[in-house]
Novice: 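The structure is given below, and queries will be raised subsequently.
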Amino acid sequence: MANIVVLTGAGISAESGLKTFRDLGGLWETHSVEDLASPAGFRKNPQLVLDFYNLRRKQALEAQPNAAHLALAELEKKHHVQIITQNVDDLHERAGSSKVLHLHGELRKVRSTQDASLIYDIDEIDPENLEIHVGCTCEKGSQLRPHIVWFGEMVPEIEKAAELCRTADFFLVVGTSLMVFPAAALIHEVPAATRKCIIDPNLPDVSGIPNLYTIQEKATAGVPRLVEKLLG
Ligand code: OAD
């Protein structure tokens with residue numbers, strides 16, 4: 001039983017119908033990162049930001065796990081599998097993966113703007129529409145916001161993620177442009193002797209990383225095939 005650590009990004013959910021960020025037609029091509037994913041944007045127009053995440057939450061909850069998410073869950077039959085995801089959807093969990101660390105937060109959750117430890121599942125706030133609006137407050141009376149890491153904010157789980165990477169016997173990266181730090185630097189935490197693999201139809205620049213091989217394919221093709229080998 002190997003200790004397999006998998007770093008995923010928006011590309012693994014692309015074939016479930018969720019847009020990536022930096023591909024042609026990706027979210028940040030048509031939307032302003034500053035306005036929609038930063039503390040300053042939230043101060044400027046909170047309802048615009050809440051509407052953006054209300055819509056993305058709906059899309060994510062309507063989406064279904066694809067063959068890549070399902071294959072990674074299947075891999076637990078034989079190996080210890082830790083997923084570290086930059087994604088804010090819950091498709092890994094719904095596919096059946098039991099150990100999922102969300103680096104950039106979760107769409108299903110919202111939290112207090114005053115006390116970051118007050119985190120709620122959206123079902124507790126608005127079970128019918130799964131939305132928050134200006135005026136929705138936490139139990140201490142302050143505005144709720146998405147439980148999402150915005151640009152310019154700390155990534156609270158990064159140390160835990162780095163520690164997990166240091167213990168990997170095999171490191172797999174799926175569907176991330178490796179352009180957003182600190183997540184993009186996690187691959188450098190993996191021991192030099194550990195085998196690493198990247199699956200992406202448009203491979204990110206990974207020159208200089210030892211023991212790395214690449215599979216230039218979409219997630220639903222490349223991941224199930226690799227998993228089959230790892231289970232074999
Ligand atoms: P990007 O949009 O930057 O990169 C998506 C990656 O997925 C690219 O390398 C694509 O080639 C690849 N890809 C596209 N379709 C694929 C498919 N079918 N199968 C496999 N790979 C595919 O998304 P991320 O790297 O996840 O943060 O972006 C990182 C962070 O930037 C996100 O978590 C988000 C964003 O701003 C926040 O919002 C905080």
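These figures come from a predicted structure and were not determined experimentally. Ligands are counted one by one from 1 in listed order, and the atoms in each one are counted from 1 as well.
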Novice: Using the side-chain contact (heavy atoms from CB on, under 4.5 Å) definition, which of the options Val173, Val5, Leu212, Thr214 pairs with Lys196?
Specialist: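 When Val173, Val5, Leu212, Thr214 are each tested with Lys196, the side-chain contact (heavy atoms from CB on, under 4.5 Å) holds only for Leu212.
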Novice: Between Arg22 and Glu29, does at least one N-O distance fall below 4.0 Å, as a salt bridge requires?
Specialist: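 No salt bridge links Arg22 with Glu29.
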Novice: Applying the side-chain contact (heavy atoms from CB on, under 4.5 Å) criterion to Glu157, which one of Leu164, Leu101, Ile84 satisfies it?
Specialist: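 Answer after filtering Leu164, Leu101, Ile84: Leu101.
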Novice: Is a side-chain donor or acceptor of Glu189 paired with a backbone partner of Leu186 at a separation under 3.5 angstrom?
Specialist: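 No, because the side chain of Glu189 does not come within donor-acceptor range (under 3.5 Å) of the backbone of Leu186.
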Novice: Using a strict 4.0 Å cut-off to heavy atoms of Val149, name the atoms of ligand 1 that fall inside it.
Specialist: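 Result: 39 (C).
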Novice: Do any N/O atoms on His104 end up under 3.5 angstrom from N/O atoms on ligand 1?
Specialist: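 The answer is yes, given that His104 and ligand 1 share an N or O pair closer than 3.5 Å.
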Novice: May I ask you to say whether Glu153 pairs ionically with Arg145, meaning some side-chain N is under 4.0 Å from a carboxylate O?
Specialist: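 Answer for the salt bridge query: yes.
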Novice: Nearest non-hydrogen contact with atom 10 (C) of ligand 1 belongs to which option: Asp23, Asn87, Ile12?
Specialist: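 Looking at heavy atoms only, Asp23 sits closest to atom 10 (C) of ligand 1.
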Novice: Between Asp123 and Arg108, is there a salt bridge with N-O shorter than 4.0 Å?
Specialist: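 Looking at Asp123 together with Arg108, the answer is yes, because their closest N to O distance falls below 4.0 Å.
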Novice: Relative to atom 29 (C) of ligand 1, which among Glu217, Gln86, Glu15 owns the nearest non-hydrogen atom?
Specialist: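 Heavy atom nearest to atom 29 (C) of ligand 1 belongs to Gln86.
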Novice: Looking just at side-chain N and O atoms, do Gln86 and Thr176 make a donor-acceptor pair shorter than 3.5 Å?
Specialist: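 Checked: Gln86/Thr176 side chains pair up, N/O donor to acceptor below 3.5 Å.
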Novice: Considering only non-hydrogen protein atoms, determine which one is nearest to atom 8 (C) of ligand 1 and report residue, atom name and distance to 0.1 Å.
Specialist: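 Residue, atom and distance for the closest contact: Asp200 OD2, 3.6 Å.
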Novice: Touching ligand 1 at all, Trp150? Heavy atoms, strictly under 4.0 Å?
Specialist: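 No, Trp150 has no heavy atoms under 4.0 Å from ligand 1.
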Novice: Who gets closest to atom 22 (C) of ligand 1 by heavy atom: Ser38, Ala14, Gly9, Gly11?
Specialist: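 Looking at heavy atoms only, Gly11 sits closest to atom 22 (C) of ligand 1.
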Novice: Count the heavy atoms of every other residue, nucleotide or ligand shown that sit under 6.0 Å from NZ of Lys58, and state whether that count exceeds 12.
Specialist: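 Enclosed.
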Novice: Can you report which non-hydrogen protein atom sits closest to atom 26 (O) of ligand 1, along with the distance?
Specialist: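 Nearest protein contact, heavy atoms only, for atom 26 (O) of ligand 1 is Ala10 N, 2.8 Å.
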Novice: Do Asp121 and Lys109 sit within salt-bridge range, that is, some charged N less than 4.0 Å from a carboxylate O?
Specialist: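 No, Asp121 and Lys109 are not salt-bridged.
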Novice: What's the shortest distance from atom 21 (N) of ligand 1 to any protein heavy atom, and which residue and atom give it?
Specialist: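 Sorting protein heavy atoms by distance from atom 21 (N) of ligand 1 puts Pro201 CD, 3.2 Å first.
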Novice: Given Ser177, Gly175, Ala183, identify the one with the heavy atom nearest to atom 3 (O) of ligand 1.
Specialist: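 Nearest heavy atom to atom 3 (O) of ligand 1 lies in Ser177.
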Novice: Considering the heavy atoms of Trp28, write down every atom of ligand 1 situated less than 4.0 Å from one of them.
Specialist: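 Reading through ligand 1 atom by atom, the close ones are 35 (C), 36 (O).
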Novice: In the protein, what heavy atom is nearest to atom 25 (O) of ligand 1, and what distance, to one decimal place, separates them?
Specialist: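 Scanning the protein heavy atoms, the shortest distance from atom 25 (O) of ligand 1 goes to Thr176 OG1, 2.7 Å.
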Novice: Any nitrogen or oxygen of Phe21, side chain or backbone, less than 3.5 Å from one on ligand 1?
Specialist: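 So ligand 1 has an N or O lying under 3.5 Å from an N or O of Phe21.
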Novice: Relative to the heavy atoms of Val180, which atoms of ligand 1 are at a distance of less than 4.0 Å?
Specialist: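 The list of qualifying atoms is 29 (C), 30 (C), 31 (O).
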Novice: Have a look at Glu153, Gln216, Arg22, Glu29 and point out the one with the heavy atom closest to atom 31 (O) of ligand 1.
Specialist: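 Selected option, by shortest heavy-atom distance: Arg22.
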Novice: Charged N to carboxylate O under 4.0 angstrom, Arg166 versus Glu163?
Specialist: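 Glu163 and Arg166: salt-bridged.
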Novice: Should we say atom CE of Met154 is surrounded by more than 12 heavy atoms from elsewhere, each under 6.0 Å from it?
Specialist: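 Incorrect, the count does not exceed 12.
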Novice: Out of all atoms in ligand 1, which are within 4.0 Å of some heavy atom of Phe151? Include the element for each.
Specialist: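 In order of numbering, the contacting atoms are 36 (O).
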Novice: Flag Ala219 as yes when one of its N or O atoms lies below 3.5 Å from any N or O atom of ligand 1, and as no otherwise.
Specialist: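 So ligand 1 has an N or O lying under 3.5 Å from an N or O of Ala219.
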